[in-house]
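Quick note: residue numbers are just sequence positions, from 1.
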Amino acid sequence: MIKNANLKIMKQLIKILFLILSINELYAQKDTIVINQRDIKTKQEQIYHLKNPRGGYSLVKEYSLKETNALLNGFYKIIIDENHFYTLYFENGIKSLKTKPYLNMVKYYQNNRIYKLEVFYPTLITTLYYYSIEDFDCKAKRLTGYKKNIFNNTTESVFKIKQKATKDSIKWVFKGNEKGKINFSKMEICE
């Protein structure tokens, strides 16, 4: 009798667990806004820092919807074509790369697999550049990286990356023109 009661309780707990997990999955999908890249308008302007005169000017790139002029706000899946898309978080029309869990990375997908990463890794001196890895593969030992300008996407330099994957993270060591190291989580990249 007690075994049957324990078995019923266990079955109920498993059902509740599956219910919670399915609701969480629906909530995550609901929070992702899906739009086409052609529906986005980009505006770039130069802003003077009034509060800090030593700061000078900054270039700001704003993203909004063409139809409504509403600034992009939230987590977006941006569709390039039927086989390609990328994901990115925006705050008030600006790419937000400092909001957890979207830290410093834009992921491009082809047939639901990541094929390109853009990593924004600001240094102490400048935040004008990002690193693009166009043929990304989790299993590769060596990759080619491109240092690109944030505002006009021009390539500033090309360099080699030595990649080492552990159980939980990926470590990149830059070789050639660029020197440095970047470590980041494998979660949601190498699945």
Side-chain angles (χ1 to χ4, degrees), residues 20-52 55-123 125-138 143 145-157 170 182 184-191:
I20 291 170
L21 290 173
S22 65
I23 289 171
N24 189 31
E25 183 67 27
L26 288 174
Y27 181 75
Q29 290 175 354
K30 186 176 104 177
D31 284 352
T32 302
I33 304 162
V34 180
I35 60 173
N36 285 310
Q37 185 168 327
R38 64 180 173 271
D39 296 333
I40 298 174
K41 178 174 68 173
T42 305
K43 181 174 101 178
Q44 186 170 312
E45 61 186 355
Q46 197 171 20
I47 297 176
Y48 182 72
H49 298 283
L50 293 173
K51 293 180 183 176
N52 185 356
Y57 289 92
S58 288
L59 287 173
V60 175
K61 214 173 192 180
E62 275 187 347
Y63 298 85
S64 60
L65 292 173
K66 284 182 180 176
E67 249 182 56
T68 63
N69 285 329
L71 297 175
L72 300 184
N73 211 8
F75 186 69
Y76 285 82
K77 175 181 178 179
I78 301 170
I79 298 171
I80 301 168
D81 61 36
E82 66 182 47
N83 295 319
H84 298 84
F85 68 90
Y86 62 97
T87 59
L88 183 58
Y89 188 81
F90 292 90
E91 279 184 18
N92 298 319
I94 298 172
K95 290 180 181 180
S96 178
L97 301 162
K98 296 178 183 167
T99 304
K100 289 183 180 181
Y102 315 112
L103 293 174
N104 300 337
M105 198 167 298
V106 180
K107 297 177 263 188
Y108 290 80
Y109 295 82
Q110 178 178 12
N111 300 324
N112 292 322
R113 289 195 65 217
I114 294 175
Y115 73 93
K116 176 180 173 181
L117 286 178
E118 290 179 348
V119 180
F120 294 78
Y121 193 72
T123 60
I125 300 169
T126 183
T127 57
L128 292 176
Y129 304 103
Y130 66 95
Y131 302 106
S132 178
I133 291 71
E134 310 220 344
D135 293 318
F136 179 74
D137 182 358
C138 284
L143 300 167
Y146 302 87
K147 181 179 177 181
K148 294 189 173 188
N149 185 291
I150 284 179
F151 297 105
N152 60 17
N153 297 320
T154 57
T155 300
E156 301 289 324
S157 66
I170 293 177
I182 297 179
F184 55 91
S185 172
K186 283 175 68 172
M187 196 167 77
E188 296 184 18
I189 295 174
C190 299
E191 295 176 1

Does the side chain of [Y] come within less than 4.5 Å of [X]'s, by heavy atoms?
X: I80; Y: F85; value: no
X: K66; Y: D39; value: no
X: T42; Y: Y63; value: yes
X: K148; Y: Y129; value: no

**Study point:** Identified side-chain contact (heavy atoms from CB on, under 4.5 Å) counterpart of K41 within the set N69, T68, L65
**Key:** N69
Contact summary for [X] and [Y], nearest pair of heavy atoms:
X: I79; Y: V34; value: CD1-CG1, 3.4 Å
X: N73; Y: I33; value: O-CD1, 3.7 Å
X: I189; Y: K107; value: CG1-CD, 4.2 Å

Under the side-chain hydrogen bond (donor to acceptor under 3.5 Å, both in side chains) test, which residues partner [X], sequence neighbours left out?
X: N153; answer: Y130
X: Q37; answer: none
X: S64; answer: none

How many angstroms lie between atom [atom1] of [X] and atom [atom2] of [Y], to the nearest 0.5 angstrom?
X: I40; Y: E62; atom1: CD1; atom2: CD; value: 13.5 Å
X: Y146; Y: Y131; atom1: OH; atom2: OH; value: 15.5 Å
X: I78; Y: R38; atom1: CD1; atom2: CZ; value: 13.0 Å
X: I133; Y: I114; atom1: CD1; atom2: CD1; value: 12.0 Å
X: F90; Y: L71; atom1: CZ; atom2: CG; value: 10.5 Å
X: L143; Y: F136; atom1: CG; atom2: CZ; value: 7.0 Å

Exercise for review: Start with the C-alpha distance between Y109 and K77, add both sets of side-chain angles, then the distance that settles side-chain contact (heavy atoms from CB on, under 4.5 Å), and finish with yes or no.
Suggested key: CA-CA 10 Å; Y109 295 82; K77 175 181 178 179; over 6 Å; no
**Study point:** Flag for E134-Y108: side-chain donor and acceptor within less than 3.5 Å
**Key:** no
Practice item. Check for a donor-acceptor pair, side chain of N152 on one end and backbone N or O of T154 on the other, with a separation under 3.5 Å. Key: yes
